[in-house]
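Working notes for the structure below.
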Amino acid sequence: MIGVLGGGQLGAMFAMAARRLGYRLAVWDPDPDAPALKLADLALSAPLSDPTPLKTFADAIEAATYEWENIPVAVCETLAQRIPVRPAPQILRVLQNRLEQKTFLTSRGFPVAPFRAVSFPDRLVVPQDIGFPCLCKTATAGYDGKGQWRVSGPNDIRPVREELRRQGHSPWVLEQFLSFEKELSVVVVRAADGDRRIYPTVENLHESGILRMTRAPAQVDPGTAERAATLAGSVVEAMEGVGVFCVELFLMPDGRLFINEMAPRPHNSGHYTLDACTVSQFEQQVRAVCGLPLGEVRLLCPAVMVNLLGEDLIKVGSGEGLANLLRTPGAAVHLYGKKSVRPGRKMGHVTFLSEKPDAAWEAALALRRALGRPGLPQAPPR
Ligand code: AMP
C-alpha cells in the first residue's frame, strides 16, 4: 500500500495510476470531500497536524509521497524514519519556501529573477537591481497566484506594506517582474538509482496567476526547448531529487531562460501526459516512489490542455456543453468530481490530441469560445 498526503485531483490521478499497477492506496486529506479519498483503500480525513491518523497511516503503508508542497514537513520526516518518502522531506522543506528555493537555485548558479527577502512589512523597499515593476510574494503557502502583490511604482509601496501587515504571513520575497515572451515548463522524473527522464518542454498560458492552457510541445525553436529541458534536468540533479518534479521557466525575448519556481510533484502543466505520452507523470511518480524502472516519456502526438476552472464546469460539465465536448474528435475529458464550485478552482481539464498541431489548438480555442472566453488567456500587464 502506498500512502499519499493530500487528496486533491493530483492525488486522485496518482491513485488511478497506482491502481493500474496493482497497488493499494492510503490517502490522508483534511477535506472529507477531497477527490482522492473516494479512490482510497484507507481514507483518512483529519488535519495533517493530527498525530492519531499519522500512526494509522504509517502502519498501513510501505512508501509515501505527497500531491502538493504545502503539507507539514514534520509528517514526512516521521514517515521517513520507517519507509521511503519521495521526494525526500529535506527537498520538500526547500521547495515549499520560495526564499529557500531561490536561495538554493542561486547558490548553484541557476538563473532566477533578482530577489530579496522581506522579513517585516516596513522593510519593503525596492532596491535598484530589482526596480519597478516588481512582485512581492509570500514565501510559503502561496499558489495559483494567491499571496502575490504587484508593485508598479513608488506609490504602490505603502498600500502593499499595509496588505502585508494584514496578511501577517512573513517572510515575503520581492522579485523583479520579468517581461517574458513565453512561460515554459518541464516535468522531470528521477529514480533512486539516478536514472532520469525528461518530458518535452511545454508552453503555458496563465490568467490572473492561474494556469489556463498548456501546449505540448512548446512552440519554440528546438534549441530553446532543448536548453529548457537541460536546465530543468540539471536542477533536479543538483537537488538529488527522487520523484516527479516540474520546473517552471520564463523565456525572455533575448532567449535567456529564468526559473520561476519548481514543484516536487506532478504538475497541472503535465496533465497532457495522461493522454499524449506513453507513460504519464502520475505513473512515473508511482514508479519512482516504489523503486520501479522509469517509463518512456515519448509524446505520441501534439496536445493542448485546457483547464476547467470554477464556473467553466457549469457550462461544459454537464448537458449539451459536455455532450459537445465528448463528441469532439481527439478530446480527452477529465472531471475531478469536486462537490463545490468556487471561482478559479480547478474542476477538470480537457486535452485535445491531433496529429496536426493546428487542429488541437483550434479545438482548444473552440472550447474557450464555448466557455465565453474567446481568444487567448490575458498575460499579466507589463
Ligand atoms: P507563481 O505563483 O510564482 O508561479 O506565479 C504565478 C504566475 O504569475 C506565473 O505563472 C507568471 O505568469 C506570473 N509571475 C510570477 N512571477 C513573475 C515574475 N517575476 N515576472 C513576471 N511574471 C511573473
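Being a predicted model, the structure only gives us computed values, none of them experimental. Whatever order the structure lists them in is the order used to number ligands and atoms, beginning at 1.
- The closest approach between Phe258 and ligand 1 stays at or above 4.0 Å for every heavy atom of the residue.
- Shown in contact with His206 at under 4.0 Å from a heavy atom are these atoms of ligand 1, numbered in order with element: 10 (O).
- More than 12 non-hydrogen atoms from other residues, nucleotides or ligands lie less than 6.0 angstrom from CZ of Arg19.
- A cation-pi arrangement is present between Arg150 and Phe177, with the terminal nitrogen or guanidinium carbon under 6.0 Å from the aromatic centre and inside a 45° cone about the axis.
- When the shell of 6.0 Å around CZ of Arg373 is examined, it contains more than 12 heavy atoms from other residues, nucleotides or ligands.
- Comparing Glu261, Lys137, Glu183, Glu175 against atom 11 (C) of ligand 1, the shortest heavy-atom distance belongs to Glu183.
- Residue nearest to atom 20 (N) of ligand 1, selected from Asn260, Ile210, Leu178, Leu211: Leu178 (by heavy-atom distance).
- Taking every heavy atom of both residues into account, Ala218 and Leu184 meet most closely at CB-CD2, 3.9 Å.
- Contacts between Asn204 and ligand 1 below 4.0 angstrom, taking non-hydrogen atoms only, are absent altogether.
- Within the 4.5 Å cutoff, the side chain of Phe104 has no heavy atoms near those of the Leu99 side chain.
- With a 4.0 Å cut-off on non-hydrogen atoms, Gln176 touches ligand 1 through its backbone and not its side chain.
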